[in-house]
Amino acid sequence: MAMAIRVFLSFLLFLSLTNLASSLYEDQVGLMDWHQQYIGKVKHAVFHTQKTGRKRVLVSTEENVVASLDLRHGEIFWRHVLGTNDVVDGIDIALGKYVITLSSDGSILRAWNLPDGQMVWESSLQGSKESKSILNIPKNLKADKDDLILVFGKGCLHAISGIDGEVLWRKDFASESIEVSHIIQSPEVIYVAGFVGSSKFYVYEVNAKSGELLKNNHVALPFATSGESLSVSGDKFVVLDDVRSKIVTIDINNGNINYNQKQVSDLIKDSSGQAVILPSKLPGLFALKINSQVLLIKVTNEGELVALDQIDNTAAFSNALSISEDQHVFAFVQYEDNKIQLSVKDVNDWNGALLKENLVIDHQRGNIEKIFINNYVRTDRSHGFRALMVMEDHSLLLVQQGEIVWSREDGLASVVDVTTSELPVEKEGVSVAKVEQNLFEWLKGHVLKLKGTLMIASAEEKIAIQKLRLRSSEKSKMTRDHNGFRKLLIVLTRAGKVFALHTGDGRIVWSTTLHALRKSEDCEHPVGLNIYQWQVPHHHALDENPSLLVIGRCGPSVTAPTVISFLDAYTGKELNSLSLAHTVARVIPLPYTDSTEQRLHLIIDVNKHAYLYPRTPEAIEILKREFSNIYWYSVETDNGVIRGHALKSNCIHEIVDEYCFVFRDLWSIVFPSESEKIIATVTRKSNEVVHTQAKVMTDHDVMYKYISKNILFVANAAPKASGEIGTATPEEATLVIYIIDTVTGRILHRMTHHGCQGPVHAVFSENWVVYHYFNLRAHRHEMSVIEVYDQSRADNKDIWKFVLGKHNLTSPISSYYRPEISAKSQSYFFTHSVKAIEVTSTAKGITSKQLLIGTIGDQVLALDKRFLDPRRTLNPSQAEKEEGIIPLTDSLPIISQSYITHSLKVEGLRGIVTVPAKLESTSLVFAYGVDLFFTQIAPSRTYDSLTEDFSYALLLLTIVALVAALFVTYVLSERKDLEEKWR
């Protein structure tokens, strides 16, 4: 009987382990991670709404994405993310089945299959001169060699077959000095038009069959022109003069050039503002914008200009849409009394409106920047219209019949900075029914979970259980959890919009477009820069919400006006905003907080002034108390100089500002410009936690990590090898590595890699740095590791010194002391090119580290730090094996199961962020690019918790079986004792 019980228990244990192994991936799909796909801000859009097939819109974006979107729901049918330098110049549809894209300054022409996005052909177009890129596809293009796709780029005109992408002929205009702006195509002759300089307009006639230059003609205008010319018909163009007071109409008639001019003041009474011709293409019309007014002007057959109408507060104009052979319409958007009005009008019938609708759009999306229209036929055979709108925050909307059909938050494709915020603490007294929102749904959900536990759920119920798990309250609640998995990811986009994403399911909790970063006359090109934690209330002030500091700038230049804004981290409400009188070159969060938990920040401007925020008397007192302990450094990449700085005194201005300080240079390192150029710098995270400074070696020896937050890693390359891979020979290439103390300017370690070059990607953690580069001699990528140890504490190994107190572990540490350090290093080959490197971070720093490597394939690989241990040897001793040292190999292993993104891609990967959870074993990982990806990883497994796929049912069954076995054993034992007593 005892043997039977043991066999039964062994079977239960085997069944439990088997269940764990088989359900590891199936039950966890989408539970621990989420992935979101975006496309970015749309530049071009082409509708494809034929009766047969799915209705879609083809778009290209500022993130170099070509995509096909479902017109009904806005979902992505297919997309292609081109390279960083492969900027899309134009997109169109050819032959009704190909999507044609022109990119890389007019040097690459591709055809994609319309239904599935597969590439059909690609043509590389050669040229020798930078020029405007033009894609010209005839609307009636047929599958015939005689029907050409014309492309102008790199100073050359190319004729390409739409069938197979063959370049039929090429005409080079590089020697003609013409800035080509228009191509007019006819069956026999192609007209190429543009300016030479700013006052001579040239027209070249080219044979459409052979590309032979037939003749050219030009006209010299009596004044210079400003801006690009706009085509208003096949042979008429308009352009402004250099002072923007005259409109010039240029007419090409069989190669002959005529022009007329007219004063802007003759068309509009108030012409005091600067005139701009809008780029919308309208047959026979063009739009002239002056201040907030848009004047629609008609160009007659004789080249005369006639003002049709004046529209106030116009946001955007669309291109013309042909809805019949002789009818063209266009759309525009107006803002009137806080209302948005969409109007569609016929080009030839200006008095009537085909459509006029009022729209309700969230003001957080900002203004409408672009609009594309498409028509459809209603049941009464009349024309209806739908409009695709690109908003200021880079989101995309489809509007039809006055309603938003769908929207896409594609601003999330341009994340520039990330921080995190804890969720509020769950308050007591919340009922189950309130948390679950509906008691019936709560009961139904638990019944389904019970069926799943007992393995009696049907296929449909299993799907419902999976959906319940994905949106389970434990995962997506808006309160903190005891493991610290639920947080808010606060991301700042290039458009200056801030999003709060829930780590549980990736949903948008709130979003805010900063008022100070809206487009206006004072801020024409707003851009988001950085986001920081401003106020983080501790446990004694949990009723207060944390707040954020957002830095933005009104232009790409460092000298552009800067704005700062303060946001509530829980609601997204803008608490305050300031337009700074000074510039922002760098923001330094200080390790000090005031009584309200506001963190002190120093903002450094380009004039070498430091400004303290918050601007309060208490902050000044804290800064004065710590005045001598504040140091920072600056890197001048172009000059090859690194400087160390400290505060000196208050600024001397006409107006006294006690929050402004000047600083002095403490030290400087000037690298020789003829042999070294700075290509990468990296330092430790300011909030990194190190569990212990001591590291026990295999022979029970102890080494002490050199841990300082004032260490800078610098990678320098030879000037000839500072460009792309292959621009230098191995003899010309040198990579020099420095580890520098930023308080004293001492070079702690220097190492040279001969025959190597960048780009260099590095990560600094604790006392070690790992960096990735390219070895030209081996024609392979490499990764190297440097570990730095403090030799000044090497004598603290004798137990008697600890007993007698004769050690120096309690002696104060100063950055001014000259450290005695030793460094260990090792290099390994690595298969992939790298886009980003990060390291896992945990709450106490106990858990083993993993490197998170963003590969060229836009995936994230988790690599155990033990593979990059400089103490690895070919034949490790038994003691080293017990310590976990891996035998030395020349290459780092790539294990397919180590990709934390699984089979997914984070297209356009730009950065990886790690955040510690409260659970020591777990680190939260967020990767961003065009896509977003979030997951939880446990580098040393979940040693401090049960996994979510743990089978509680089998545990319960095992306990019941054990209790039953004990009871049966007890009964049998009692019966045996009774039988023995009767003998």
Side-chain angles (χ1 to χ4, degrees), residues 132 134 136 152 178-185 191-204 217-311 314 316-322 328-332 345-348 350 370:
K132 179 182 177 181
I134 303 174
N136 191 311
F152 187 86
I178 182 175
E179 294 292 334
V180 175
S181 55
H182 303 284
I183 297 175
I184 305 168
Q185 189 172 1
Y191 294 98
V192 178
F195 279 92
V196 173
S198 60
S199 60
K200 294 182 179 179
F201 188 79
Y202 275 73
V203 176
Y204 292 84
N217 196 3
H218 77 277
V219 62
L221 303 179
F223 42 76
T225 58
S226 172
E228 287 196 2
S229 57
L230 177 73
S231 172
V232 293
S233 66
D235 54 359
K236 291 184 176 62
F237 311 96
V238 291
V239 68
L240 290 169
D241 69 340
D242 54 347
V243 296
R244 298 179 182 270
S245 63
K246 299 177 184 177
I247 303 174
V248 184
T249 309
I250 302 174
D251 186 4
I252 301 173
N253 187 7
N254 295 325
N256 298 318
I257 307 172
N258 299 307
Y259 73 91
N260 295 319
Q261 55 180 310
K262 194 162 190 174
Q263 294 287 339
V264 174
S265 56
D266 294 340
L267 298 169
I268 183 172
K269 294 179 180 178
D270 183 13
S271 59
S272 57
Q274 189 178 53
V276 177
I277 296 177
L278 298 182
S280 298
K281 297 177 181 178
L282 309 173
L285 299 177
F286 69 96
L288 185 71
K289 185 174 182 178
I290 303 178
N291 298 328
S292 62
Q293 301 174 335
V294 173
L295 185 67
L296 276 169
I297 302 172
K298 183 177 181 180
V299 182
T300 65
N301 294 331
E302 294 75 24
E304 296 294 328
L305 302 181
V306 179
L308 293 179
D309 197 2
Q310 180 177 315
I311 307 171
T314 305
F317 270 80
S318 75
N319 289 335
L321 170 70
S322 175
H328 295 81
V329 299
F330 70 100
F332 59 91
K345 292 197 174 187
D346 191 327
V347 170
N348 299 318
W350 184 250
K370 291 183 180 180

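All of these numbers come straight from a predicted model, not from anything done at the bench.
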So, for A224 and S199, which heavy atoms are closest and what is the spacing to 0.1 Å? CA-CB, 4.3 Å

Is any side-chain heavy atom of L288 less than 4.5 Å from a side-chain heavy atom of L240? yes

Aromatic plane relationship, F195 with F201 - under 30° parallel, 30 to 60° tilted, over 60° perpendicular: perpendicular

Apply side-chain contact (heavy atoms from CB on, under 4.5 Å) to residues F286 and T249 and explain how you reach the verdict. CA-CA 11 Å; F286 69 96; T249 309; 6.0 Å; no

How far does CD1 of I183 sit from OG of S231, to the nearest 0.5 angstrom? 11.5 Å

Is it true that atom NZ of K289 has more than 12 heavy atoms of other residues, nucleotides or ligands lying nearer than 6.0 Å? no

Strictly distance-based, threshold 3.5 Å: is any side-chain N or O of S280 a donor or acceptor partner for the main-chain N or O of F317? yes

Qualifying salt bridge (charged side-chain N to carboxylate O under 4.0 Å, His left out) pairs, either residue in residues 220-242, two or more places apart: K132-E228

Straight-line distance of L267 CG to L308 CG, nearest 0.5 Å: 10.5 Å

Value rounded to 0.5 Å, distance of CG in L296 from NZ in K345: 8.5 Å

Would you call V243 and F223 a side-chain contact if the rule is heavy atoms closer than 4.5 Å? no

Test N319 against L282 for side-chain contact (heavy atoms from CB on, under 4.5 Å), laying out the working first. CA-CA 6 Å; N319 289 335; L282 309 173; 5.7 Å; no

Quick check for you: to the nearest 0.5 Å, what is the distance between N258 atom CG and E302 atom CD? 12.0 Å

Taking side chain as C-beta onward, heavy atoms only, is D251 less than 4.5 Å from I257? no

When you compare the side chain of H218 with that of V196, does any pair of heavy atoms fall below 4.5 Å? no

Say you draw a straight line from CD1 of I250 to OG1 of T225; how long is it, rounded to the nearest 0.5 Å? 7.5 Å

Kindly compute the distance separating OG (S226) from NZ (K246), expressed to the nearest 0.5 Å. 13.5 Å

Nearest heavy atoms of V203 and I252, plus distance in Å: CG2-CD1, 3.5 Å

What are the two closest heavy atoms between L278 and L230, and how far apart are they? O-CD2, 3.5 Å

Correct closest heavy-atom pair for Y259 and P222 would be OH-CD, 3.2 Å

Heavy-atom closest pair, residues L295 and A307: CD1-CB, 4.2 Å

Here the pair of heavy atoms bringing Q263 nearest to S245 is OE1-O, 3.2 Å

Just wondering, do V294 and F332 contact through their side chains at under 4.5 Å, heavy atoms? no

Are V264 and R244 packed together at the side-chain level, in the sense that at least one heavy-atom pair is separated by less than 4.5 angstrom? no

Is there a donor-acceptor contact under 3.5 Å from the side chain of N291 to the main chain of Q293? no

